[in-house]
Amino acid sequence: VPSVNMGAGGDANNHFYNSANKTWFDKPKKDNLYNQYFCISKNGDMFTVGDDNNLIIQYPFGGFDAYNNPIWDASTATESSVPEFTYDVRRIYYDSDNDVMYVTGDEPEGEWGTFLKIRRFNNWSKGNRTSSFTVTLPYNDPQYTPETSYGGGQPIAFSVAGDFMFVLYGYGHVRILDKTNGSLVG
């Protein structure tokens, strides 16, 4: 079973598992990047948030190594800035079939685990860095969550599937949005 552990914080490496001898080995990350927030696209490319947090790094998928671990080589990675965010990019999702990047960010000051906005970037691989829409999400709104302490009223997770974007709040509420225009579905 292939396995990869994305090193976080000050860890300079990603860690890969060798199933033949049951050991882990390391490969350096690009510029020591902090990759808590990442997405693996359908074509196998990995996208992750860079250290300055308004930078997205794309690692092209290079197949599998002898131990069936995915190959993402820092020497072939490319960087793209996301200039439209005031504060850090937090979650990303790349739709490789349609060449669309969804990016979340603009957390409230001091609330590093959440985000306030979702932006959609069409034609990402062609260099477009102007969003087609921006969704501003409710934050600590009692209409969406009965409890706002300890992150209950904050968006904490994000995904795209089918025709929809899904935003999970700390208390468990899931907000569903149309992925083509950002309008609220439910």
Side-chain angles (χ1 to χ4, degrees), residues 6 34-50 52-61 70 72 77-186:
M6 308 303 290
Y34 179 74
N35 50 12
Q36 177 180 356
Y37 309 115
F38 70 96
C39 168
I40 299 172
S41 66
K42 186 176 175 182
N43 66 4
D45 288 1
M46 179 174 61
F47 294 83
T48 187
V49 177
D52 76 358
N53 290 325
N54 279 351
L55 188 69
I56 294 175
I57 300 174
Q58 178 181 358
Y59 291 81
F61 177 61
W72 295 299
T78 57
E79 299 177 351
S80 299
S81 64
V82 185
E84 292 190 24
F85 283 98
T86 305
Y87 294 105
D88 299 342
V89 169
R90 286 296 176 210
R91 309 288 189 275
I92 53 178
Y93 179 87
Y94 180 65
D95 175 353
S96 57
D97 287 343
N98 296 301
D99 192 19
V100 175
M101 178 67 78
Y102 299 88
V103 181
T104 72
D106 281 351
E107 85 278 359
E109 190 169 329
E111 299 291 337
W112 62 267
T114 188
F115 49 91
L116 297 176
K117 295 180 181 170
I118 302 171
R119 290 190 167 97
R120 175 186 165 131
F121 297 87
N122 299 322
N123 302 309
W124 181 262
S125 70
K126 295 173 182 66
N128 177 39
R129 298 301 178 265
T130 302
S131 60
S132 60
F133 67 76
T134 299
V135 175
T136 300
L137 299 166
Y139 180 81
N140 284 340
D141 185 338
Q143 292 182 41
Y144 292 97
T145 181
E147 178 61 56
T148 60
S149 62
Y150 302 107
Q154 301 173 8
I156 58 168
F158 167 80
S159 191
V160 179
D163 295 330
F164 306 103
M165 298 183 294
F166 300 87
V167 179
L168 175 66
Y169 280 74
Y171 196 77
H173 173 77
V174 177
R175 189 173 177 84
I176 304 169
L177 307 165
D178 183 312
K179 77 174 189 180
T180 62
N181 59 26
S183 63
L184 180 64
V185 174

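Predicted model only: the values in this text are computed from it and were never measured. The chain is numbered in sequence order, starting from 1.
- A donor-acceptor contact shorter than 3.5 Å links the side chain of T104 to the backbone of R91.
- In this structure, the separation between CZ on R175 and CG on L168 is 13.0 Å, given to the nearest 0.5 Å.
- Between the CG atom of D178 and the CZ atom of F164 there is a distance of 7.0 Å, given to the nearest 0.5 Å.
- Not a single donor-acceptor pair under 3.5 Å links the side chain of Y59 to the backbone N or O of T48.
- W72 places a side-chain N or O within donor-acceptor distance of the main-chain N or O of G44, the cut-off being under 3.5 Å.
- Between K179 and G162, the closest heavy-atom pair is NZ-O, 2.9 Å.
- Between Q58 and Y94 there is no side-chain heavy-atom pair separated by less than 4.5 Å.
- Using a 4.5 Å cut-off on side-chain heavy atoms (C-beta onward), S41 and F61 make no contact.
- Between I40 atom CD1 and M46 atom CE the span is 6.5 Å, to the nearest 0.5 Å.
- Y102 and Y93 have tilted rings, their planes meeting at an angle from 30° to 60° on a 0 to 90° scale.
- S96 contributes atom OG, which lies 7.5 Å from atom CZ of F47 (distance to the nearest 0.5 angstrom).
- For the residue pair V82 and I56, the shortest heavy atom distance occurs at CG2-CD1, 3.6 Å.
- Listed here is the closest heavy atom pair of P155 and Y139: CD-CD1, 4.1 Å.
- Atom CG of residue N123 and atom CG of residue N98 lie 10.0 Å apart, to the nearest 0.5 angstrom.
- Screening residues 123-137 for salt bridge (charged side-chain N to carboxylate O under 4.0 Å, His left out) gives D99-K126 as the qualifying pairs, with residues at least two apart or on separate chains.
- With a 4.5 Å cut-off on side-chain heavy atoms, L137 and Y169 count as touching.
- Across all non-hydrogen atoms, the minimal contact from M165 to I118 is SD-CG2, 3.8 Å.
- Here I92 contributes atom CD1 and F121 contributes atom CZ; the two are 11.5 Å apart, rounded to the nearest 0.5 Å.
- Remark: side-chain polar atoms of N128 are paired, donor with acceptor, to backbone N or O of N122 under 3.5 angstrom.
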Next on the checklist: Walk me through whether V135 and L177 qualify under side-chain contact (heavy atoms from CB on, under 4.5 Å).
Outcome noted: CA-CA 9 Å; V135 175; L177 307 165; 4.0 Å; yes
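- In terms of modelled atom types and a separation under 3.5 Å, the side chain of R120 and the main chain of G182 share no donor-acceptor contact.
- With sequence neighbours excluded, no residue satisfies side-chain hydrogen bond (donor to acceptor under 3.5 Å, both in side chains) with T130.
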